[in-house]
Amino acid sequence: MKSKLQNLKDEILEKINEIKSEADVKEIELRYFSRKGEISEIMHSLKDLSLELRKEFGVLANKTKKELEEAFSKVKNNFSNDENCENLDITLPGVAMKRGHLHPITIIQREVEDLFTGLGFSIISGPELESDYFNFTALNMPPLHPARDMQDTFYVTNGKDDNEELDMVMRTHTSPVQIRAMQKYGAPLKAIIPGRCFRNEATDARHEHTFYQFEGLMVGENINFSNLKNLLEIVGIKLFGPETKLRMRPKFFPFVEPGNNGEYTCFLCNGKGCKVCKQTGWLEIVGAGLIHPNVLRAGGIDPEKYSGLAFGFGLTRLAMLKYGVNDTRLFNSGDLKFLQQF
Ligand code: PHE
């Protein structure tokens, strides 16, 4: 009897040591620890012993049983599932995960990108911290040029040299990427450049130190003003609807010649005059022109052989118009009450 008990104990301990899965746990439980298991069987057989032996073995059997149960329950807990899982109802609706969404500027940017990639333009980008040279000088605005005054920005001096052209600026427009693109890809070239720009502004509802533009650029043989007008008309119709008209009025930008301001009929009042267009019926949205020969040269392109057109849209302004936002500062405010409306 004694050795039978000892053998069983050794056997069970060995089995417990070998447990690898919940299935093993179940098997051992059934075979040894259940009501009809081998342990119960031995306990049962005690009743067939003489009173004396029963006393002797009873104590030993009970002690062994307890030890085995303890050893088993320690291992068992590692393999059985968390108690809570037994109450888990997988058919209940889950806790919804919070999802973000696109920023209104990004939504407009993607719309514009779709339009232009459909017209065969590529999308390129350039640095926001730009050299003074690319942001101004290469765009026909050498140091001390008065046109620089209109685009005051944040300057980062390199501290080593008093050569202004080595200084860095937070770019005031996306136009410096015209030069970078021409230098990198040469002619012919069709590209748009969406991106963030910066100016040192006294901020108010219409001015912000950080805003978005997108530049368009087309360089090739015989690119002329009608190409520019046609392209801007297509963009207007796509952005503001089929009735949209374009008018172009002369405006000076040092990097284009001739330069102009593109205006579209106000899509809110259809040109009749309203608060948004300040009763004029027209929305001033894009600066444009034919690329100045000096700018082509700075881009490494021969102005005798090639010509080009360029335009710059205020992306932030487009978003304001499209969504009826009356304060440009809201876009960068991080105010969720504003952003969650899109
Ligand atoms: N870069 C000009 C601005 O920010 C816009 C522009 C781009 C004008 C291209 C003409 C051609 O005001």
Side-chain angles (χ1 to χ4, degrees), residues 1-111 113-114 123 125 127-129 194-196 210 212 319 323 325 329-342:
M1 184 79 192
K2 208 172 168 179
S3 65
K4 200 175 161 198
L5 194 63
Q6 187 61 43
N7 285 345
L8 186 66
K9 183 177 168 184
D10 291 346
E11 184 186 324
I12 296 178
L13 286 177
E14 202 183 311
K15 286 262 158 78
I16 289 175
N17 265 332
E18 283 168 8
I19 289 180
K20 285 196 194 63
S21 67
E22 213 191 328
D24 295 345
V25 171
K26 288 257 160 64
E27 194 191 307
I28 291 172
E29 190 155 44
L30 193 73
R31 178 157 169 201
Y32 301 108
F33 293 95
S34 64
R35 212 156 48 87
K36 289 189 173 163
E38 290 184 29
I39 296 178
S40 297
E41 218 170 83
I42 283 209
M43 302 305 281
H44 242 75
S45 63
L46 289 177
K47 72 175 190 320
D48 302 323
L49 298 175
S50 67
L51 190 67
E52 241 182 52
L53 283 176
R54 204 188 309 163
K55 264 191 188 158
E56 191 189 328
F57 283 119
V59 177
L60 185 66
N62 270 317
K63 192 169 155 254
T64 309
K65 183 182 172 202
K66 220 171 144 211
E67 280 172 8
L68 287 172
E69 279 172 346
E70 265 167 22
F72 181 56
S73 79
K74 260 191 209 153
V75 181
K76 183 178 157 182
N77 288 341
N78 294 340
F79 287 91
S80 64
N81 282 329
D82 185 343
E83 294 184 323
N84 294 334
C85 288
E86 290 191 3
N87 301 326
L88 180 73
D89 179 354
I90 56 163
T91 63
L92 282 175
V95 181
M97 243 212 270
K98 280 201 175 156
R99 283 176 64 186
H101 60 85
L102 295 180
H103 189 279
I105 300 274
T106 311
I107 298 173
I108 302 275
Q109 180 177 329
R110 297 216 173 153
E111 222 173 272
E113 287 175 356
D114 276 355
I123 302 167
S125 58
E128 291 174 356
L129 181 62
R196 186 155 52 169
T210 303
Y212 290 78
Y323 294 118
V325 176
R329 292 168 295 189
L330 285 166
F331 289 110
N332 296 333
S333 66
D335 181 350
L336 290 182
K337 284 208 287 292
F338 169 69
L339 292 171
Q340 278 165 351
Q341 296 176 61
F342 298 94

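Side chains included, hydrogens not; waters and symmetry mates left out as well; all remaining heavy atoms used.
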Scanning both residues in full, the closest heavy-atom pair of His103 with Phe331 reads NE2-O, 2.8 Å
Value for CD1 (Ile108) from OH (Tyr323), rounded to nearest 0.5 Å, stands at 4.5 Å
Rounded at 0.5 Å granularity, tell me how far CD1 in Ile123 sits from CZ in Arg110. 10.0 Å
Taking atom NE2 as the centre, does His101 end up with more than 12 heavy-atom neighbours from other residues, nucleotides or ligands that are less than 6.0 angstrom away? yes
Let's go through Lys26 and Glu22 carefully: what are the C-alpha distance in whole Å and the side-chain angles of both, what is the deciding distance for salt bridge (Lys or Arg N to Asp or Glu O under 4.0 Å) to 0.1 Å, and is it a yes or a no? CA-CA 6 Å; Lys26 288 257 160 64; Glu22 213 191 328; 3.6 Å; yes
Point-to-point distance, once rounded to the nearest 0.5 Å, from CG of Asp114 to CD of Gln109: 11.0 Å
Once rounded to the nearest 0.5 Å, what's the spacing between atom CG of Leu5 and atom CE of Met43? 8.5 Å
Residue pair Lys15 / Glu27, side-chain heavy-atom distance below 4.5 Å: no
Kindly give the heavy-atom pair with the smallest separation between Ser34 and Ser40, and that separation in Å. O-OG, 3.1 Å
Surrounding CD of Glu52 (heavy atoms of other residues, nucleotides or ligands, distance under 6.0 Å), is the total greater than 12? no
Got a sec, which residues hit side-chain hydrogen bond (donor to acceptor under 3.5 Å, both in side chains) with Glu29, two or more places apart in sequence or on another chain? Lys76
Which atom of Ile16 lies closest to which atom of Leu68, heavy atoms considered: CD1-O, 4.2 Å
Which residue pairs satisfy the salt bridge (Lys or Arg N to Asp or Glu O under 4.0 Å) criterion with at least one member in residues 31-40, sequence neighbours excluded? Glu11-Arg31, Arg31-Glu38
Taken in chain and number order and not counting sequence neighbours, the residues that satisfy side-chain hydrogen bond (donor to acceptor under 3.5 Å, both in side chains) with Asp10 are Gln6
Taken in chain and number order and not counting sequence neighbours, the residues that satisfy side-chain hydrogen bond (donor to acceptor under 3.5 Å, both in side chains) with Glu69 are none
d(Ile28 CD1, Leu30 CG) to nearest 0.5 Å is 11.0 Å
If you look only at distance, which donor and acceptor atoms sit under 3.5 Å apart when one is on a side chain in residues 333-342 and the other is two or more places apart or in another chain?
unit_1	atom_1	unit_2	atom_2	d
Ser333	OG	Leu330	O	2.7
Ser333	OG	Asp335	N	3.1
Asp335	OD1	Lys337	N	3.0
Gln341	NE2	Lys337	O	3.1

Non-hydrogen atoms of Ala71 and Leu13 that approach each other most closely: CB-CD2, 4.0 Å
Where Phe72 and Val25 come nearest, the two heavy atoms and their spacing: CZ-O, 3.6 Å
Contacts table for residues 53-65: side-chain donor-acceptor under 3.5 angstrom, sequence neighbours left out:
unit_1	atom_1	unit_2	atom_2	d
Asn62	ND2	Gly58	O	3.3
Thr64	OG1	Leu60	O	2.8

Heavy-atom closest contact (Asn332 atom, Thr210 atom, distance): ND2-O, 3.0 Å
